[in-house]
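This report concerns only the one structure given below.
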Amino acid sequence: LEMAGKFVLLYGEIAKEQLMPKNFKFYNPEEHQRIIRALEDGKPQAILCATGRNASLAGGVYPFPLIEDGDFDIPSVYMTEEEGEKLLPHLGNKAILHSHSVRIPGKGYNVVARKGNKGGERVIVTAHIDAKKGTPGAIDNATGVVILLLIADLLSDYEGQNLLEIVAFNGEDYYSAPGQMLYLAHNLSRYERVKFNINIDGAGFKQGKTAFSYYDLSEGLLLKVKAVVDSFPGIKEGDPWYQGDHSIFIQNGIAAIAVSSDWFIEHIDNQDITHTPKDNLDIVSIEKVVEIAMAINQLLR
C-alpha cells in the first residue's frame, strides 16, 4: 500500500486484536510483526484504528488501543468499529487529525521479600502491582497485592526448608513489561534452584469459585497441591490460561500455579470488566481473598 505521508485506516480483520509491541518477548505472533514492519516501512503520517472487542489481549475496554507500544514511532489513534465505518466513504479526501499525546519517562520498582532457608530451593509467589489508566484495578490486580501482603503476614514465623520469595511485579499492564524483564535479567542464572511459582492475577471475583490451574508440576507436588485445594470449599481446579506472569516462569522451564477467578478464565475472551471502571471494589469478595491467602499459606508450609 502506498501510504507515505497519508492517514491509514485499519479496520475489520486487520484490527481484530491488539498488536503486540515489537519488542515484547513473551508473546509476539509473526502476523503482528509483519503488520508492524509494513507500517514502519510505509511511513504513514498517522494510523487510525477502528477496533472490535479483544478481551483476551486488551481486557474488557472498548474500543481498545490497537497499537500500544512506546518503541513504535508512528502516531496512532483508536475508535470503535462504528466510528471507523463512518470514515470509509471519505477515503481519498483530505483530513486533519489532532492527537494530544506525549511519552512520559518514569521510574518503577519491583518489591521482593524473602523468608526461610537461604540455601534451599526457591518458591516464588508473584502478583503485579500496576493497573491500566482509567480503571481502579480491583481484580486486576489489587486483590493479588492484598493476597501477597496477607501471605507475608501469615508466614512471618516461617522457618521451613525452602526459601520463600514474594515478588510484586511492576509493569505487567504496560507495553514493555519492564518489571518482569528486569526480574528475568537478574534471575536467569538462578532458575535451576526454583521449585515452582505461584502467580495471583484476577482473583477474588464475587461470582463463582477461585481457580488454581497447574503447569508442569511434578506428580508428587501436584498431589500435595490438590490435597490443599480440596480442603477449601471456595477453590477448585481451573482450566489453563497464559495471559499472566506465570507464563514467564513456564517459558523458562519452571513449574507454576496460577490463581485467578474461575469466572474470568471461562470468560477471558468476552468479559468487559478488566481495564475499565467496572473493575472496582463492588465486584470483590473479601472472603475469597482471605481464603486464597489461607490456602497458599497452608500449601507453602
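Computation of the quantities below employed the complete heavy-atom set of this structure, encompassing side-chain atoms and omitting hydrogens, waters and symmetry-equivalent molecules.
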Short N-O contact, E30 and R37, less than 4.0 angstrom: yes

Cluster overlap V194 with V112, hydrophobic side-chain contacts below 4.5 Å: yes

Donor-acceptor pair between E17 and H32 side chains, under 3.5 angstrom: yes

Closest approach of Y62 to E81 (non-hydrogen atoms, all atoms of both residues): OH-N, 3.2 Å

Ring centroid separation F24 to Y175 under 6.0 Å: no

Shortest non-hydrogen contact between S260 and D201, atoms and distance: OG-O, 2.9 Å

ILVMFWY cluster, F169 and I250 together (side-chain gap under 4.5 Å): no

Pair F212 and Y214, ring centroids less than 6.0 Å apart: no

Between F249 and Y215, ring centroids under 6.0 Å: no

Presence of salt bridge, E40 and K22, under 4.0 angstrom: yes

ILVMFWY network linking M79 to L39, side-chain heavy atoms under 4.5 angstrom: no

Nearest atoms (heavy-atom pairs only) where I257 meets V225: CD1-CG2, 3.9 Å

Charged N-O contact under 4.0 Å between E121 and R193: no

Co-membership, hydrophobic cluster, residues L155 and I292, 4.5 Å side-chain: yes

Pairwise distance NZ(K226) to CD1(I235) - rounded to 0.5 angstrom: 14.5 Å

Those residues that, when tested against K206, pass side-chain hydrogen bond (donor to acceptor under 3.5 Å, both in side chains) (two or more places apart): none

Polar side chain donor-acceptor pair, D239 to S213, under 3.5 angstrom: no

Shortest non-hydrogen contact between P29 and M20, atoms and distance: CD-CG, 4.0 Å

Check: D279/T274 side-chain N/O donor and acceptor closer than 3.5 Å: no

Under 3.5 Å donor-acceptor, N162 side chain and L164 backbone: no

D140 versus H128, side-chain donor and acceptor atoms under 3.5 Å: yes

In one Ile/Leu/Val/Met/Phe/Trp/Tyr side-chain cluster, 4.5 Å: L10, V77: no

Matching residue for D173 among K133, H275, K132 - test: side chain to side chain donor-acceptor pair (under 3.5 Å): H275

Atom pair OG1 (T126) and CG (N199), whose distance is rounded to the nearest 0.5 Å: 3.5 Å

Any R122 side-chain heavy atom under 4.5 Å of N187 side chain: yes

Heavy atoms of other groups near M3 CE, more than 12 under 6.0 Å: yes

Closest heavy-atom pair and its distance - L88, L9: CD2-CD2, 3.6 Å

Salt-bridge contact K236-D262 (side-chain N to carboxylate O under 4.0 Å): yes

Flag side-chain contact, heavy atom, 4.5 Å: V284 against F205: no

Straight-line distance of K115 NZ to S156 OG, nearest 0.5 Å: 6.5 Å

Audit row: K288, E291, salt bridge (charged side-chain N to carboxylate O under 4.0 Å, His left out) steps and yes/no: CA-CA 5 Å; K288 289 176 183 174; E291 184 180 45; over 6 Å; no

D157 bridged to R301 by N-O distance under 4.0 Å: yes

From K209 atom NZ to I265 atom CD1, the distance as rounded to the nearest 0.5 Å: 13.5 Å

Point-to-point distance, once rounded to the nearest 0.5 Å, from CG of N54 to CG of N270: 11.5 Å

N170 and D130 side chains, donor-acceptor separation under 3.5 Å: no

salt_bridge(R34, E31) N-O dist < 4.0 Å: no

Minimum-distance pair of heavy atoms, taken over all atoms of G202 and S261: O-OG, 2.7 Å

F7 side chain reached by I96 side chain, heavy atoms, under 4.5 Å: no

Sidechain-backbone polar pair: T143 side chain, A203 backbone, donor-acceptor under 3.5 Å: yes

Ion pair check, R53 and D269, cut-off under 4.0 Å: no

Pairing of E83 and K86 as salt bridge, 4.0 angstrom limit: yes

Distance-only polar pair, side chains of Q180 and E172, donor-acceptor under 3.5 Å: no

Near-ring test Y78/F64, centroid separation under 6.0 angstrom: no

Atom pair CD1 (I151) and CG (L299), whose distance is rounded to the nearest 0.5 Å: 9.5 Å

